[in-house]
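Before any comments, here is the structure.
Counting starts at 1 for both ligands and their atoms, in listed order.
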Amino acid sequence: MPFRPRYTGLIDKYRDRLPVHDDTRVISLGEGNTPLIRLNNIPRATGKDVDIYVKYEGLNPTGSFKDRGMTMAVTKAVEEGSRAVICASTGNTSASAAAYAARAGITAFVLIPEGKIALGKLAQAMIHGAVVLQIRGNFDEGMQLVKDVGENTPVTIVNSINPFRLQGQKTAAFEIIEELERAPDYHCLPVGNAGNITAHWMGYSEYYEHGIVNQRPTMVGYQASGSAPFLRGEMVDNPETVATAIRIGHPQSWDKAWKVHEESGGWFDECSDAEILAAQKLLTEKEGIFCEPASATSLAGALRDIRSGKIPEGSSIVCTLTGHGLKDPDTAIKQCTEGVITVDARLEPVRAAIVGNLG
Ligand code: F0G
């Protein structure tokens, strides 16, 4: 059968800029190439003249940006002869590791904090056949255990401390530059371990250093208030937030992210859980875009900084929406105060319900 795929993933696309060889067996699910969507209604409502774009990373194969890093990490693990990968995760990394390991025909071990990962992510890790270890502890404890066990067990760690992960993730910046034909003025991201903000800066810097663009964005990282070590200036031992993806108190890329902060002239700020959920709802209701709570942190923070003028009028801003809203159906449903109208299966009550809600 002829098979001419239109797109074969980011390793094929950016082969020259990634540490792979011509004969490397690529483990791919067609990740990357996600839409950069210009917001229409939300910028208007700020009353400010700004261009806001969202990079919808929820449209990657397993529903989050992690796939960009995982295609590289699993490709390299297989190349090095590894038979198993392991990660600690707040959910998305485990979903991605499970899927790419399945694709490669190797085993995935995932450590997740019991009761603190969104339902969709748990379903993904389980259905892809990962060995799921729920720990009675948080992500940071799981991460330490993974590092300890990785020292003398034949498993490859695929958390973002694996340098191939950041290599894959830097390609998001390449895609943005190619679409805007320049770098944006500001790039806003939710920050947990701070691997992604670091990877984006690597990508922007690479195109800058190769003369493809003559400017790099100011990098802005937003954290959930209950899990905001970059704001506190020190590690946080008992992180809490409704945005479970970024419920992290001991970021693995601490030094790297401070360097991004310094080199790009950017800043960190925090958003309350209420602000995060409000931004998530705003995106779904005003733009038709459904992202998970952690992802909405980028927009929540950006909107506050646009309104205050910290991000000036005339700016172009990219907010990364790191994961799909369907990952966390429980939180979404809890936010919908209107609920669902139940009626008899007859014309009259259906008509009455419609007329009563036409507005
Ligand atoms: N947004 C989502 C949806 C995430 O899943 C994560 C991290 C982040 C943002 C933060 O990215 O850690 O690079 O600063 N999730 C990891 C996981 C920790 O296990 O899925 P970061």
Closest protein heavy atom (residue, atom, distance) for [atom]:
{"atom": "atom 4 (C) of ligand 1", "value": "Ala245 CB, 3.5 Å"}
{"atom": "atom 11 (O) of ligand 1", "value": "Phe65 CZ, 3.5 Å"}
{"atom": "atom 12 (O) of ligand 1", "value": "Asn193 N, 2.7 Å"}
{"atom": "atom 13 (O) of ligand 1", "value": "Asn196 N, 2.8 Å"}
{"atom": "atom 15 (N) of ligand 1", "value": "Lys66 NZ, 2.9 Å"}

Using a 4.0 Å cutoff against the non-hydrogen atoms of [X], which atoms of ligand 1 qualify?
{"X": "Thr93", "result": "16 (C), 17 (C), 19 (O), 20 (O)"}
{"X": "Thr322", "result": "1 (N), 2 (C), 3 (C), 9 (C)"}
{"X": "Thr90", "result": "15 (N), 16 (C), 17 (C), 18 (C), 19 (O), 20 (O)"}
{"X": "Ile246", "result": "8 (C), 9 (C), 10 (C)"}
{"X": "Ser89", "result": "17 (C), 19 (O), 20 (O)"}
{"X": "Gly195", "result": "13 (O), 14 (O), 21 (P)"}
{"X": "Asn92", "result": "2 (C), 3 (C), 4 (C), 5 (O), 20 (O)"}
{"X": "Val191", "result": "14 (O)"}

Legend entry - Name of the residue among His324, Glu292, Glu57 meeting side chain to side chain donor-acceptor pair (under 3.5 Å) with Asn92: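 In the set His324, Glu292, Glu57, the residue that makes a side chain to side chain donor-acceptor pair (under 3.5 Å) with Asn92 is Glu292.
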Inset, instruction - Measure the acute angle between the ring planes of Phe268 and Trp258, then classify it against the limits of 30° and 60° as parallel, tilted or perpendicular. - result: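 The rings of Phe268 and Trp258 stand perpendicular, inter-plane angle above 60°.
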In plain terms, say whether [X] and [Y] are close enough for a salt bridge, that is, a side-chain N and a carboxylate O under 4.0 Å apart.
{"X": "Glu348", "Y": "Arg351", "answer": "yes"}
{"X": "Lys13", "Y": "Glu175", "answer": "no"}
{"X": "Glu179", "Y": "Arg38", "answer": "no"}

Inset, instruction - For Ile248 and ligand 1, answer yes if some heavy atom of the residue is under 4.0 Å from a ligand atom, otherwise no. - result: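 Ile248: in contact with ligand 1 (<4.0 Å).
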Inset, instruction - Determine, using heavy atoms of Ala194 and all atoms of ligand 1, whether some pair is separated by less than 4.0 Å. - result: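 Yes, Ala194 has heavy atoms under 4.0 Å from ligand 1.
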Legend entry - Partner of Phe174 by ring-ring contact (aromatic ring centres under 6.0 Å, His included), out of Tyr208, Tyr204, Tyr14: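 Between Phe174 and the candidates, ring-ring contact (aromatic ring centres under 6.0 Å, His included) is satisfied uniquely by Tyr14.
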Inset, instruction - Using modelled atom types only, decide if a donor and an acceptor are shared between the side chain of Asp67 and the backbone of Thr62 within a distance under 3.5 Å. - result: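 Yes, the answer is positive, given that a donor and an acceptor are paired below the 3.5 Å cut-off.
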Inset, instruction - State whether the side chain of Thr284 and the backbone N or O of Phe290 hold a donor-acceptor pair below 3.5 Å, judged by distance alone. - result: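 Judged by distance alone, no pair lies under 3.5 Å.
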Inset, instruction - Consider only side-chain N and O atoms of Lys116 and Thr90, and report whether a donor and an acceptor are under 3.5 Å apart. - result: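 Lys116 vs Thr90: no donor-acceptor pair found between side chains.
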Inset, instruction - For Glu79 and Lys76, run salt bridge (Lys or Arg N to Asp or Glu O under 4.0 Å): C-alpha distance rounded to whole Å, both residues' side-chain angles, the deciding distance at 0.1 Å, then the answer. - result: CA-CA 5 Å; Glu79 187 174 65; Lys76 294 307 278 187; 2.6 Å; yes
